[in-house]
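First the structure, in the form of C-alpha cells, and then the observations on it.
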Amino acid sequence: MIALSVVSGFVLALTAPLLLRLFHHRTGWILALLPIALTVFYAGHVGPVSSGLTFYESHVWVAALGIHFSFLLDGLSLVFSLLIAGIGTLIVIYSGGYLHGTTELGRFYMYILAFMASMLGLVLASNFITLFIFWELTSLTSYLLIGFEHRRASAREAALQALLVTGIGGLVLLAGFLLIGQVAGTLEMAELLTRPQGLGGNSLYVPILILVLVGAFTKSAQTPFHFWLPSAMEGPTPVSAFLHSATMVKAGVYLLLRMTPVLGGTELWQILLTTFGGVTMVLGAAMALFQTDLKRLLAYTTVNGLGMLVFLTGLPSRAGITAALVFLVTHALYKGSLFLTAGVVDHETGTRDIRQLRGLYTQMPLVTVAALLAALSMAGLPPLLGFIAKESIYEATWHLSRWTLAGTAAAVTANMMLFAAAGLFVLRPFFGRSGTADHHDHHPIPISLWLGPLVLAVMGLLGGLLPGLVDGSVISPGVSAVLQTTADIHLSLFHGITPMLGLSALTVILGAALYGLHPKLSRWVARRSGWARFGPAAWYEHGLGAVKHLAEWQTLVLQSGHLHIYILIILLATMGGVGATLILREGLVVDWQPDSVRVYEIIVVILMLVAALVTIRSDSRLSAIVAVGVVGYGMALLFIDFGAPDLAMTQFIIETMTVILFALIIYHLPKYRSICSRAQRVRNALVAVAGGGLMTLLLLIALTVQRGSRLADFFKENSLISAHGRNIVNVIIVDFRGMDTLGEITVLAIAGAGVYTLLKLRLEGRNR
Amino acid sequence: MEILTSIVVGGLFGSAIYLLLSRTPVKLIIGLVLLSNAINLLIFVAAGLTRGKPPLIPAGALRPVAGVSDPLPQALILTAIVISFGVLAFALVLFRQAFGQEPSTSKPDTESTCT
C-alpha cells in the first residue's frame, strides 16, 4: 500500500494532460482528489504510529545487489508525508486558479504531481538506492518546474542552476550512500536504524559524513550553496510555495534527521551542523531584510528556516530534535501560506515590489487575514504555532551544556530579523496607506486562490491554540523515530515565567527596533551592492564558465578531425594503461632462461624483422604488400615449427588471399605520398619503438609469471572422451566453443555483406 | 627461442604502430595487417613454445602424450586469423570508397599538414 501511495502520483501525472481536456478549469479540483486521498491514507497511520508501530514494505528489485523497492513509514516519514500530501492538495487547487489560462497547464499539472510522488518516495524510501533515485527525481522535477516559463532566459538559467547544484550534491550523496552500504553491509535504512551502534566509530566515518552532508546541504540550500534558492523564485508561485519552501528543500533536513541515529551524536556532526546551520540562518534572515521582491524576501527567510532546522538537528539534545520538528511543521504552514499570498498579490496587482504595494486589505480581505496570521506565526507571536516553535528553539539553545551563549545569541539574532521581515511582508503592503498601487479591477478573488493560504494560516493558529492537536500525533512519533527511543512531548502556549519567555520578549523588542531602523539600514546596504560579486553565486558563475572553457579546449584537442591524431591518442592511452598495470601489478621482473635456438628459426626471425622494416621504409606500395606477405608466411613457418599445423594452414591460405586482395584493390587506392614532416616522423618512430618495446617486455614478463593456459588440461583430457575428436584444436573450435565459432561466422557474413554492398554502391555510382 | 620471438612481436608491433600513425591510407591498412599478426604471435608465444608436438591424440590413446603444445591459444588464434581477414577486406573496400584519390586521412577541409 505504501508503494502504491507513492506510485499513484506518477500515474496521475501521466494522465493529467488528458484530464485537463475533459474537465477544463475544474481540473485542479479533480486532480486534488488524489492528494486528499493520500492525506487521509497517511492520517490513518497516525494512531498506530503514535502508539509505537512502524510500517515496512519491500518489493524485489535488484536482490543480488541488495537494492529493494522498499519503504518505511514511521514517525518521521509520517510528518513529512502528511505535509507533502496535505500542502500538495492545496497547491494543486491553487494552481488551477493561479495559472488559469496558461496554455501549458497540463504540463504543469504533470510536473507538479510527479514532483509530489517523487517527494513522497524520498521521505518514505527505506533503501538507500531507492531514496537516491527519488532524491534525483525531485531535483529533475524541480528543474522542470522552475523553468516552466521556459521562454524567459532567466527562468532557464535559474532552473539549470538549481539542477546543477542539487544534482551534483545528489551524486556526492550517492557516493556517501555506497560507502555506508559497504561499511554497514546493508542498504536498508530500516535495518540500519535498529542497530544499537551508529557508524561513529568507523574509520570511514568522516568521509561518509562529509559526502552525506554535501548532499543534504546542497538540497537544503545551506551556505555556501544557498544561492540557488532565491534564483529558483523564477518558477511559478505554487512551485515556490510547494517545492522551494514547504517540501523539497526540506529533503536535506529530512535526511539529516533520518541519519541522526546512524551518523549523529559525534562531536564532528554537532560542530558541522550547528556551524553551517547557524551561519545559514543568520545570513538568510539578514539578506531577507533587504529584498524588495515579496518572493525573494520569502526565499531568504526560507534559507533562514532551513539553516535553523539544520542548526537544531545538530544540537546534542532531545530538545533540539523536538524544536526541529515543531519548527518544521510551523515553517511549512506559515511559509506555504505566505508564498501563496504573495502569489495572489502578484496575480491580482501585477507586481511583487514591496515599495509599490500598499493597502491591499481592502482589495483582498480573506487573503489579508491569511497573510496576517502567517506573518504573526513567522514573527513568533502568541497565540500562533510560531510562538511555540520559537519557545522550543530557545528551550533547546538555553539548556546547552556548552556554547549556550553563542547558540542562544544566534537564535535570537535570527528570530529578531525574522520578526522584522514578517513586518516588512505584511505591514505596509497590506495595511499601509493606500494610493500608490493602482488596482486594475476589483473582481472577487476566486476560492481556489484564497483557500490554500487561509487553510494553512488557520492551521498555524489552531496549532498554537490547541497544541495538543500536534504534539501527540506527529511531534512525539517524529522525535521517537529520529532518536529511536520513546518520546512523549507536550507542547503548550504558556510555560509560566521562564528564561525562554524573556528571550521571546527580547526578540520582539529587538525585532521592532530593527523594523524601525530598516529604511536607514537598507539605504546603507544599497550602497554596498557591489559586494555580491564576491559571493557564492559569483563562484558558481566562474565555475560554470571554467567548465565551458575546459570542454571547449579538450574538444579542440581531442576532436581534431585528423585520423592519425585519434589513433595516436588511442595508442598512447592503451600503452599507458598496459604499461602502468604491468609495472604496478607485476613489477619489471624477467626470468632470463637461455633456451635452444635452431639455425632455421633464426633465419625465419630475421626474415620477418627485415620484412617488417621494408613495410615501413618502402616507397612502393607493391613491395610493401609483398613484405607483409613475407611476415605472414614467416608466422606460418613458426606455427609449423611449434606444433600448430592447423594455424599454419589457415595462415598460409589467409595470407595468400590477403596479398591477392591487396593486389586487386591497390591501384584504386591513393599513391604513397610522404606528408609528414621530419619531426612528426621522429615522434611516430618514438611512439612505435616505445609500443614495440612495451609489448616485448609484456610478453617476457607474462612468460615469467605463467606459462600455458590453466584450461589446457581440461581440453586435453576431455577432447576424445566427451567430444570424440582427436584434433584438440578443432574440437575446441567446433565443440567446446561452438557458439563462439557461430559468432565468428556471423561476423564474417556481415563483413562479406558489407564488402559486397560497398562495391555495388560504387558500381551504381559509376553507372549513373 | 621465446626471447627471440618476443623481439619479433615487439618489432611487428612497432612497425604496425608506425604505419598506423602515417597518414597514407594504404600504409594504415598494412599497419592493421601487421597489428593482427603481432597480436596473434603474442598470444601464441605467451602460452610457451614447444617444438613439434601438435595437440593431437594418437590413434588408440585416450589423451595426448605429455608435453604437447597448449591447444587453447591455438584455437583462439585460428578464430582471430579469420576474423582479421574479414576486417581487412571490409577496411580495404571502405577505404577505397572513402578516400578514393584523397591522399590523406584528415578531414577534407583541412590543410594537408600534420599537427
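Sequence lines set the chain letters: A, B, ... in the order given, protein chains first and strands last, and positions in each chain run from 1.
- Each ring pair (Phe, Tyr, Trp, His ring centres under 6.0 Å) pair with one or both residues in residues 43-73 of chain B, not counting sequence neighbours, appears once here: A:Phe639-B:Phe44.
- Residues B:Lys27 and A:Arg621 are not in side-chain contact: their nearest non-hydrogen atoms beyond the backbone lie 4.5 Å or more apart.
- Taking both residues in full, the closest heavy atoms of A:Val729 and B:Pro55 are given as CG2-CG, 3.7 Å, listed atom of the first, atom of the second, then distance.
- Side-chain contact between B:Thr79 and A:Thr741 is absent, with no heavy atoms from C-beta onward closer than 4.5 Å.
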Do B:Ser22 and A:Arg681 pass the side-chain hydrogen bond (donor to acceptor under 3.5 Å, both in side chains) test, and can you show the C-alpha distance, the side-chain angles, and the key distance before you say yes or no? CA-CA 8 Å; B:Ser22 74; A:Arg681 279 203 294 273; over 6 Å; no
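- Heavy atoms of B:Leu20 lying under 4.5 Å from chain A belong to its backbone as well as its side chain.
- The shortest heavy-atom contact between B:Leu4 and A:Ile602 is CD1-CG1, 4.2 Å.
- For the side-chain contact (heavy atoms from CB on, under 4.5 Å) with B:Ile17, the lone residue among A:Ile567, A:Val689, A:Leu571 that qualifies is A:Leu571.
- Using a 4.5 Å cut-off between heavy atoms, B:Ala61 touches chain A through its backbone atoms (N, CA, C, O) alone.
- Ranked by heavy-atom pairs under 4.5 Å with chain B, the first of A:Leu697, A:Ile640, A:Asp641, A:Ile625 is A:Asp641.
- With a 4.5 Å cut-off on non-hydrogen atoms, A:Phe715 touches chain B through its side chain but not through its backbone.
- Inter-residue side-chain proximity for A:Leu638 and B:Met1 is flagged as met; some heavy-atom pair is nearer than 4.5 Å.
- A donor-acceptor pair under 3.5 Å is formed between the side chain of B:Gln74 and the backbone N or O of A:Gly643.
- No side-chain heavy atom of B:Ile77 sits under 4.5 Å from any side-chain heavy atom of A:Gln651.
- Against chain B, the residues from residues 730-739 of chain A that qualify, each with a non-hydrogen atom under 4.5 angstrom away, are A:Ile732, A:Ile733, A:Arg737 in number order.
- Ranked by heavy-atom pairs under 4.5 Å with chain B, the list A:Thr658, A:Ile665, A:Val628, A:Asp740 is led by A:Ile665.
- Between B:Phe13 and A:Thr696, the closest side-chain pair of non-hydrogen atoms is not below 4.5 Å.
- The ring pair (Phe, Tyr, Trp, His ring centres under 6.0 Å) contacts involving residues 643-665 of chain A comprise A:Tyr633-A:Phe652, where partners must be two or more places apart or lie in separate chains.
- Contact of the B:Ser15 side chain with the A:Leu613 side chain is not registered, since no non-hydrogen atoms from C-beta on lie closer than 4.5 Å.
- In this structure, the portion of B:Val33 lying under 4.5 Å from any heavy atom of chain A is its side chain and not its backbone.
- When heavy atoms are compared at a cutoff of 4.5 Å, A:Leu568 approaches chain B by way of both its backbone and its side chain.
- When heavy atoms are compared at a cutoff of 4.5 Å, A:Leu711 approaches chain B solely by way of its side chain, counted from C-beta outward.
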Could you go through B:Arg23 and A:His562, starting from their C-alpha distance and side-chain angles, then the distance that decides it, and tell me whether this counts as side chain to side chain contact (heavy atoms under 4.5 Å, CB included)? CA-CA 9 Å; B:Arg23 307 178 58 202; A:His562 298 282; 3.9 Å; yes
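- In this structure, the side chains of B:Val82 and A:Leu748 come closer than 4.5 Å at one or more pairs of heavy atoms.
- The backbone N or O of A:Leu700 sits nowhere less than 3.5 Å from a side-chain atom of B:Ser6 that would complete a donor-acceptor pair.
- Taking the side chain to side chain donor-acceptor pair (under 3.5 Å) definition, one finds that A:Asn684 meets it with nothing, sequence neighbours left out.
- Taking both residues in full, the closest heavy atoms of A:Leu609 and B:Val8 are given as CD2-CA, 4.0 Å, listed atom of the first, atom of the second, then distance.
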How far apart are the C-alpha atoms of A:Leu661 and B:Phe85, what are their side-chain angles, what is the distance that settles it, and do they pass the side chain to side chain contact (heavy atoms under 4.5 Å, CB included) test? CA-CA 10 Å; A:Leu661 194 66; B:Phe85 178 69; 4.3 Å; yes
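- Counting heavy atoms from C-beta outward, B:Asn40 and A:Met635 have side chains that approach closer than 4.5 Å.
- Of the atoms belonging to B:Thr50, it is backbone heavy atoms, and not side-chain ones, that fall under 4.5 Å from chain A.
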Candidate pair A:Leu759 and B:Arg96, rule side chain to side chain contact (heavy atoms under 4.5 Å, CB included), full reasoning: CA-CA 9 Å; A:Leu759 287 175; B:Arg96 200 192 113 162; 4.1 Å; yes
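- For B:Leu94, the parts lying near chain A are the backbone and the side chain together; criterion is any non-hydrogen pair under 4.5 Å.
- Comparing A:Ala679, A:Gly691, A:Ala685, A:Ala690 by how many heavy-atom pairs each has under 4.5 Å with chain B, the most go to A:Ala685.
- In this structure, the side chain of A:Arg726 engages the main chain of B:Pro58 through a donor-acceptor pair within 3.5 Å.
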